[in-house]
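Working notes, beginning with the structure itself.
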Amino acid sequence: MLSHLWNSKKPLAVLGAQWGDEGKGRVVDHLAEHADYVVRFNGGANAGHTIIVDGKKTVTHLLPSGIIREGSKNILGPGVVCSLDVLRQELAIAERCKAQVLLDRSTPIVHSIHQWFDAARESSGGIGTTKRGIGPAYEDMAARRSVRLGDMTNVNKLRKALTDSHYYRERAAASKAYSHIDLPPFPSLDEVIHNIMSYRDDVLPYLCDSREIVYTALLREQKVLFEGGQGVMLDVFGGSAPHTTSSLCTAAGISATFGCYQFGAVIGVSKAYTTRVGDGPFPTELKTDLGDKIRQHGQEFGATTGRPRRCGWLDLIALRYAVRMGGITHLMITKLDTLSVLNWVYACYAYKFENKKLHHSDTLTSRVLREAEPLWSEWNGWNDISHCRKIAELPIQAIEYLRFIKTVADRPILAVGVGPERHQVAV
Ligand code: IMP
């Protein structure tokens, strides 16, 4: 369906163009059919990528969504932070599906100290994280004190990584700041080591130098597909701090970790409406029955935490900003069918901010997102579209809606999701 994108002989990338949960998994699944390698480049087990094949739902959190395809080669890159319990579960999925997995030996491990601090901070007024230890793991990465998958080869190496520069002592001392909160005991050093080493046999057979593999593959003009976690609006630099995740969710995340600066296409995936989980400003949020209706019909509950997602109309200003910040060249619109139950559909085409229309070059800071007043365009609704396989077959109102998205976001739309199954796509 999208296989012509490989003609450029350059790598392809799939990014979330909103606040995560856009349906990237299914786009990766399509493109993975012809890829030599599928590479997850950012985030960790905070993500949830759902793919439905013949009614069977598979959710991956950490390994690339490619693992459900027989014969595929899937890489976990060094910019991902790796939760070992989730890794073990997903290695089992890959084995069942007869897919190959390669883990970069520099990939930082998310260990129990990270999970402890994430939970502690969330218990005392956090930002609504997934409590998977992602933020603390990236903090350690930036502070040059990560424990890496390669440290699992030898228990002494692992102990050294956890104690160098007084790492463990310092973290244990910092944990005292939360002594007034009812939390599980802070893990002892031996517990941390024992827990990590209990995954040793799962991990060691798959260790590799993924940058070498990707570089060589690109020199040979093989097909490399990069898969992002979360979405550009949650990017640690481009998102609205502090309500972001801790990794690079833009194409820069690929460049930073793989030294790859040219792409055949950077596909931004956006739902036909907007959702967000966790705290943070959300200009087009619907806090009404309509929001509930979209949530129920779109089954908008977190794939990782089960939390109900906040729902709202499509925010084209945020999408346009994500296109610009993410390096997005093309769009894929998912879940257009969810809107089929509505009589009217709205989208935000501009923000009023400080009594003026926000200029398209302005940065979407937290303050802008918090204070923005959306200006709306309106369409009549449409009926069931789940049978459409061509965009031209869609009802005229839906086609006009897509045209409007294309015009405001200023990017071509490659395909549109009209139902949850692999084949329910209109091109
Ligand atoms: P963290 O990434 O767990 O630290 O969470 C930081 C923020 O990012 C919170 O608002 C989370 O809800 C949000 N977040 C992280 N991963 C995802 C995702 O895959 N989808 C949607 N939101 C996410």
Side-chain angles (χ1 to χ4, degrees), residues 2-15 24 27-44 47 49 60 62-67 69 71-82 87 90-91 94 99-109 138 141-142 144 146-153 203-230 235-237 247-268 326-330:
L2 302 174
S3 50
H4 64 279
L5 293 175
W6 289 115
N7 293 345
S8 70
K9 303 210 161 78
K10 294 203 182 103
L12 303 180
V14 176
L15 308 179
K24 297 175 282 295
V27 184
V28 172
D29 176 52
H30 270 290
L31 290 166
E33 190 181 353
H34 298 288
D36 292 296
Y37 292 96
V38 188
V39 187
R40 175 82 190 273
F41 71 87
N42 78 312
H49 294 171
T60 60
L62 185 64
L63 290 177
S65 314
I67 59 166
R69 275 196 186 268
S72 62
K73 292 194 208 105
N74 300 275
I75 292 179
L76 194 73
V80 179
V81 291
C82 179
L87 177 65
E90 296 189 1
L91 285 171
Q100 196 181 326
V101 173
L102 294 157
L103 309 171
D104 195 291
R105 59 174 70 90
S106 310
T107 300
I109 294 172
Y138 276 110
M141 185 179 174
R144 307 170 300 260
S146 291
V147 178
R148 315 263 173 179
L149 291 177
D151 293 325
M152 293 169 78
T153 48
V203 168
L204 294 198
Y206 303 106
L207 291 185
C208 72
D209 174 356
S210 73
R211 284 173 275 211
E212 189 275 329
I213 293 170
V214 166
Y215 181 67
T216 307
L218 293 176
L219 283 180
R220 292 183 182 147
E221 296 190 343
Q222 286 184 295
K223 300 182 180 79
V224 178
L225 173 62
F226 291 102
E227 174 179 22
Q230 292 76 50
D235 180 77
V236 67
F237 289 115
S247 67
L248 292 163
C249 308
T250 63
I254 304 166
S255 309
T257 45
F258 285 94
C260 170
Y261 291 85
Q262 287 182 14
F263 302 94
V266 178
I267 303 163
I328 289 167
T329 57
H330 298 74

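Below, each value reflects all heavy atoms present in this structure, side chains not excepted, and no hydrogens, waters or symmetry copies. Along the sequence shown, residues carry numbers from 1. Small disclaimer: the values here were computed from a predicted structure and weren't measured.
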- Message: Assess the residue pair Cys82 and Leu76 against the criterion (side chain to side chain contact (heavy atoms under 4.5 Å, CB included)); give the C-alpha distance rounded to whole Å, side-chain angles, the decisive distance to 0.1 Å, and a yes or no.
- Response: CA-CA 9 Å; Cys82 179; Leu76 194 73; 4.0 Å; yes
- Item | Derivation and outcome, side chain to side chain contact (heavy atoms under 4.5 Å, CB included), residues Glu90 and Ile67 | CA-CA 8 Å; Glu90 296 189 1; Ile67 59 166; 4.2 Å; yes
- Query: Can Leu2 and Leu12 be said to form a side chain to side chain contact (heavy atoms under 4.5 Å, CB included), step by step?
  - Reply: CA-CA 11 Å; Leu2 302 174; Leu12 303 180; over 6 Å; no
- Can you spot which of Val39, Val14, Leu5 makes a side chain to side chain contact (heavy atoms under 4.5 Å, CB included) with Leu225? Val14
- Message: Please give me the minimum heavy-atom distance between Ser146 and Asp151, naming the atom from each residue.
- Response: O-OD2, 4.3 Å
- Measure from the side-chain N and O atoms of Tyr138 to the backbone N and O of Gly43, and report whether any donor-acceptor pair falls under 3.5 Å. yes
- Taking it one step at a time, do Leu204 and Thr153 satisfy side chain to side chain contact (heavy atoms under 4.5 Å, CB included)? CA-CA 7 Å; Leu204 294 198; Thr153 48; 4.0 Å; yes
- In short, Pro11 meets Leu218 closest at the heavy-atom pair CD-CD2, 3.8 Å
- Query: Which atoms form the tightest heavy-atom contact between Ser72 and Ala99, and what is the distance?
  - Reply: OG-CB, 3.4 Å
- Task: Over 60° means perpendicular and under 30° means parallel, so classify the ring planes of Phe258 and Phe226, tilted if in between.
- Result: tilted
- Item | side chain to side chain contact (heavy atoms under 4.5 Å, CB included) partner of Gln230, chosen from Leu15, Asn42, Leu248 | Asn42
- Which value, rounded to the nearest 0.5 Å, describes the distance between Ile254 atom CD1 and Phe41 atom CZ? 4.0 Å
- Message: Surrounding CD of Gln262 (heavy atoms of other residues, nucleotides or ligands, distance under 6.0 Å), is the total greater than 12?
- Response: no
- Donor-acceptor pair, Asn74 side chain versus Gln100 backbone, under 3.5 Å? yes
- So how far is it from Thr250 OG1 to Phe237 CZ, rounded to the nearest 0.5 Å? 9.0 Å
- Note on the structure: dist Asp104:CG -> Ile75:CD1 (nearest 0.5 Å) comes out at 8.5 Å
- Enter the distance from Leu63:CG to Leu87:CG here, rounded to the nearest 0.5 Å. 5.5 Å
- Query: If we only count heavy atoms from C-beta on, is the Ser65 to Lys24 side-chain gap below 4.5 Å?
  - Reply: no
- Query: Does Lys10 make a cation-pi contact with Phe263 (under 6.0 Å, within 45 degrees of the axis)?
  - Reply: no
- Message: With rounding to the nearest 0.5 angstrom, report the CD to CH2 distance, Gln222 to Trp6.
- Response: 10.5 Å
- Task: Say whether, by atom type as modelled, one donor and one acceptor occur between the side chain of Asp36 and the main chain of Lys223 under 3.5 angstrom.
- Result: yes
- What one should report as the nearest heavy-atom pair of Leu207 and Gly150 is CD1-CA, 4.1 Å
- Where is the tightest heavy-atom contact between Asp235 and Cys249, given as atom of each residue plus distance? OD1-N, 2.6 Å
- Message: How long is the straight-line distance from CZ of Arg148 back to CE of Met141, given to the nearest 0.5 Å?
- Response: 5.5 Å
- Query: For the residue pair Arg40 and Pro64, what are the closest heavy atoms and their distance?
  - Reply: N-CG, 3.7 Å
